[in-house]
Amino acid sequence: MATSMSAAQLRASFQTLVVSHQVQRHGANRNFGSGRRQRRGAADPRPAFAPAPPQPAGGAGWPLAAVRADQAADTTDSATIQLISDITRGVDEALGAALQRNAAAALEGLLSGGANELKQKVQASVLDLQSGLLERETEVRLLLLAALCGEHLLLLGPPGTAKSELSRRLSKLTGGKYFERLLTRFSVPEELFGPLSMKGLENDLYVRQIEGYLPTAEVAFVDEIFKANSAILNALLTLLNERLFDNGSERIEVPLLCLVGASNELPESEELDALYDRFLIRRNVAQVSSAQLATLARLAAGTLDEGDRMSTDDPGNGQVVAGQVAELGMDDFRSTAGQAYGNVDVPEAVIDLLTSVRNYLQDKCEPPVYVSDRRFMKAVKMLQVAAWADGRSAVHEYDCLLLEFVLGQRPDDAHKVKAFLLETIASDPGLQQTELVFLGLFGRSCRVLAEAGSGELADARAECAQLVELLELRQGSLTATLDGGFPELRDTVWQSEASVQAAVQALTPQMTENKKRAEDLLREAMVLQAALEQAVPASVLERLLPKRFKQYTKGISGRA
């Protein structure tokens with residue numbers, strides 16, 4: 001406000017200086033004419049000066065005839081300053097009330113959090129699967145998510161890192177038939193799909209005895225899966241993707257829920273790329289860190305105290321205690337995906353984030369990271385399942401952080417995906433687009449107020465009211481996120497505590513700046529709304545929002 005007043009005083013002083021200069025020049029011309037007439041002599045019939053023309057009604061004519069210039073400027077500026085002061089005071093009061101409402105809503109949302117039955121089951125299952133395991137919180141969650149989606153999980157890492165143990169625990173949790181096999185370069189199809197039927201051969205039928213083998217399993221674990229040869233590969237691909245198996249001339253459906261593949265290394269030949277693509281979720285499994293070796297030793301010796309045991313069994317983002325809530329059953333694993341696809345919405349902001357990350361990986365990464373259409377579509381469905389199991393009816397942007405285990409092709413690709421997602425979420429493209437909308441509306445308002453068009457003024461008022469409402473919601477969302485300590489991220493069952501902490505640390509600085517930007521933009525929109533409601537002159541709007549007016553005039557000159 002102080003800046004606006006000094007500008008007004010400067011303009012008044014400038015106008016006074018101009019008028020004074022005109023008066024002085026007019027007086028000098030009169031004296032110059034009088035001197036010439038004195039030199040001509042008394043006989044000169046021309047008068048010493050011409051009389052002033054009569055003032056027309058309404059005050060038109062010479063502007064200084066009735067009021068001094070400095071008095072007129074002071075009167076006009078006093079009224080303008082009072083108008084600006086009234087608008088500013090009203091906007092500050094409205095903004096303060098909006099910020100208080102948003103803070104109260106954030107606190108209320110934080111206190112009213114809860115979990116539905118399915119989420120409680122997931123939390124209880126997480127506790128059960130990771131009991132007695134160290135630093136396997138992420139692997140356990142990915143395994144449950146893959147099973148709920150009806151997809152497969154690939155674990156890459158050295159031997160002795162609990163890869164097979166996880167699949168056995170999943171089989172025990174579901175109560176389904178379990179199959180496990182270690183492949184070598186010399187493995188034959190009979191090891192996976194069952195031996196040929198002798199009775200069938202006697203009857204000229206080429207069929208297998210599949211009972212107890214992979215075609216009848218519901219949960220399976222195949223170690224060193226990329227050792228599969230071409231004789232195994234074709235049947236395995238169809239079984240994993242279509243859940244079909246050709247037994248002789250008959251094609252049968254298989255009950256496979258989830259297959260966990262393990263390998264010490266990535267596939268090297270191109271013929272294994274199709275098999276590699278069948279695993280929607282991929283995770284690199286590392287050894288227990290040096291900081292947890294002492295705990296691992298106590299766990300092996302059976303001397304782990306209750307406090308350390310509770311820390312190893314920490315569910316991370318829930319209040320469920322093992323044994324108090326029912327765990328997931330086979331019916332839950334079979335039905336969750338179908339329920340999610342029909343009930344969970346994918347907002348436009350999430351779709352924009354999904355398309356951005358795929359374009360980034362394929363067009364801007366070096367070397368490019370290929371993401372097939374099938375993988376892209378399955379990734380969207382996986383996010384729907386994750387949201388549904390979290391008790392939500394819409395996918396959140398934070399759910400997309402799971403894509404670091406889905407979209408990469410090589411181990412280092414996961415870091416690229418995660419970094420891009422965090423940067424994009426923190427940058428808040430929606431807020432940037434809203435600011436562009438405000439700039440366009442501001443320019444339109446300047447033209448409307450200058451032309452005094454009543455019809456366009458009503459449209460501008462309505463559009464500005466919608467913009468204020470949108471910005472108030474956005475500022476409230478950022479307030480709830482920051483003041484609540486990222487509740488949407490902490491409340492999800494699919495992120496471990498360590499993952500949440502890392503994400504919060506990366507997001508907080510930029511989102512704090514975004515909150516300040518949203519508040520500033522909300523105030524400017526409220527000022528514009530008040531200016532439109534009172535239909536102030538465009539010159540007043542210029543003084544209310546000088547920065548935006550400068551951008552507006554700069555844009556006009558640039559187009560010209």
Side-chain angles (χ1 to χ4, degrees), residues 102-103 105-116 118-120 122-123 126 130 137-142 144-145 281 283 314-320 340 344-347 349-354 356-357 379-380 382-407 414-415 417-431 473-515 518:
N102 290 338
L107 180 60
E108 181 181 356
L110 186 63
L111 297 177
S112 63
N116 64 359
L118 179 58
K119 183 175 182 178
Q120 290 179 345
V122 173
Q123 291 172 334
V126 168
Q130 73 182 25
E137 297 86 356
T138 300
E139 288 79 5
V140 164
R141 288 168 169 80
L142 294 178
L144 286 176
L145 181 58
I281 303 177
R283 168 66 175 175
D314 183 13
N317 304 316
Q319 303 299 325
V320 174
V344 177
D345 182 40
V346 183
V350 175
I351 292 178
D352 292 341
L353 187 57
L354 290 169
S356 297
V357 68
V380 177
M382 183 200 73
L383 297 180
Q384 290 179 290
V385 173
W388 182 252
D390 239 353
R392 291 179 278 114
S393 59
V395 179
H396 197 279
E397 289 179 334
Y398 296 134
D399 294 326
C400 295
L401 295 177
L402 293 168
L403 296 178
E404 71 168 296
F405 308 111
V406 177
L407 300 184
H415 301 290
V417 174
K418 184 176 182 179
F420 177 83
L421 290 171
L422 289 173
E423 181 181 355
T424 305
I425 293 173
S427 64
D428 200 345
L431 185 59
L473 290 174
R474 185 56 190 151
Q475 195 279 335
S477 175
L478 290 169
T479 299
T481 297
L482 292 170
D483 294 354
F486 292 81
E488 297 93 346
L489 186 57
R490 294 185 183 278
D491 191 53
T492 179
V493 72
W494 302 117
Q495 295 289 341
S496 65
E497 186 63 27
S499 300
V500 170
Q501 292 292 351
V504 168
Q505 186 177 4
L507 292 170
T508 298
Q510 182 61 49
M511 293 191 73
T512 303
E513 183 179 342
N514 291 344
K515 179 185 175 183

State, to 0.1 Å, how close Leu482 and Met511 come at their nearest heavy-atom pair, and which atoms those are. CD1-O, 3.5 Å

With sequence neighbours left out, what residues match Arg392 under salt bridge (charged side-chain N to carboxylate O under 4.0 Å, His left out)? Asp390, Asp399

Give a yes or no answer on whether the side chain of Gln384 reaches the backbone of Val344 with a donor-acceptor pair at less than 3.5 Å. yes

Just wondering, do Val380 and Val395 contact through their side chains at under 4.5 Å, heavy atoms? no

Look up atom SG in Cys400 and atom CG in Leu383, then write down how far apart they are to the nearest 0.5 Å. 5.0 Å

Minimum heavy-atom distance between Asn116 and Gly391, given as atom pair plus value: ND2-CA, 3.2 Å

Using distance alone, with no hydrogens and no angle criterion, decide if Thr492 and Glu488 have a side-chain donor and acceptor under 3.5 Å apart. no

With a 4.5 Å cut-off on side-chain heavy atoms, are Val500 and Phe486 touching? no

Distance-only donor-acceptor hits, side chain of residues 420-427, under 3.5 Å, sequence neighbours excluded:
unit_1	atom_1	unit_2	atom_2	d
Thr424	OG1	Phe420	O	2.8
Ser427	OG	Glu423	O	3.3
Ser427	OG	Thr424	O	2.8

When rounded to the nearest 0.5 angstrom, what distance separates CG in Leu353 from CG in Leu401? 8.5 Å

Partners passing ring-ring contact (aromatic ring centres under 6.0 Å, His included) against Tyr398 (at least two apart in sequence or in another chain): His396

Evaluate the side-chain proximity of Leu144 to Trp494: yes if any heavy-atom separation is below 4.5 Å, no if none is. yes

Restricting to non-hydrogen atoms, name the atom on Thr508 and the atom on Val504 that form the minimum distance, rounded to 0.1 Å. OG1-O, 2.6 Å

Under 3.5 Å, is there a donor-acceptor pair between the side chain of Arg141 and the main chain of Val126? no

I need the Arg474 CZ to Thr479 OG1 distance, nearest 0.5 Å. 10.0 Å

What pair of heavy atoms forms the shortest contact from Pro347 to Ala394, and how long is it? CG-CB, 4.4 Å

What I'd like to find out is whether the side chain of Thr481 reaches to under 4.5 Å of the side chain of Leu507, using heavy atoms alone. no

Smallest separation among heavy atoms of Asp483 and Lys515, with atom names: OD1-NZ, 3.6 Å

How long is the straight-line distance from CG of Leu118 back to CD of Gln123, given to the nearest 0.5 Å? 10.0 Å

Can you confirm whether Thr138 sits close enough to Ser499 that some side-chain heavy atom of one is under 4.5 Å from a side-chain heavy atom of the other? yes

Mind listing the closest non-hydrogen atom pair of Glu397 and Val350 along with its distance? N-CG2, 4.0 Å

Does any N or O in the side chain of Arg490 come within less than 3.5 Å of the main-chain N or O of Gly485, such that one atom is a donor and the other an acceptor? yes

Measure the spacing between CD of Glu513 and CD of Gln510 and express it to the nearest 0.5 Å. 5.0 Å

Cut-off 3.5 Å, side chains only: do Gln505 and Gln501 have a donor facing an acceptor? no

So CD of Glu404 and CD1 of Ile281: to nearest 0.5 Å the spacing works out to 11.5 Å

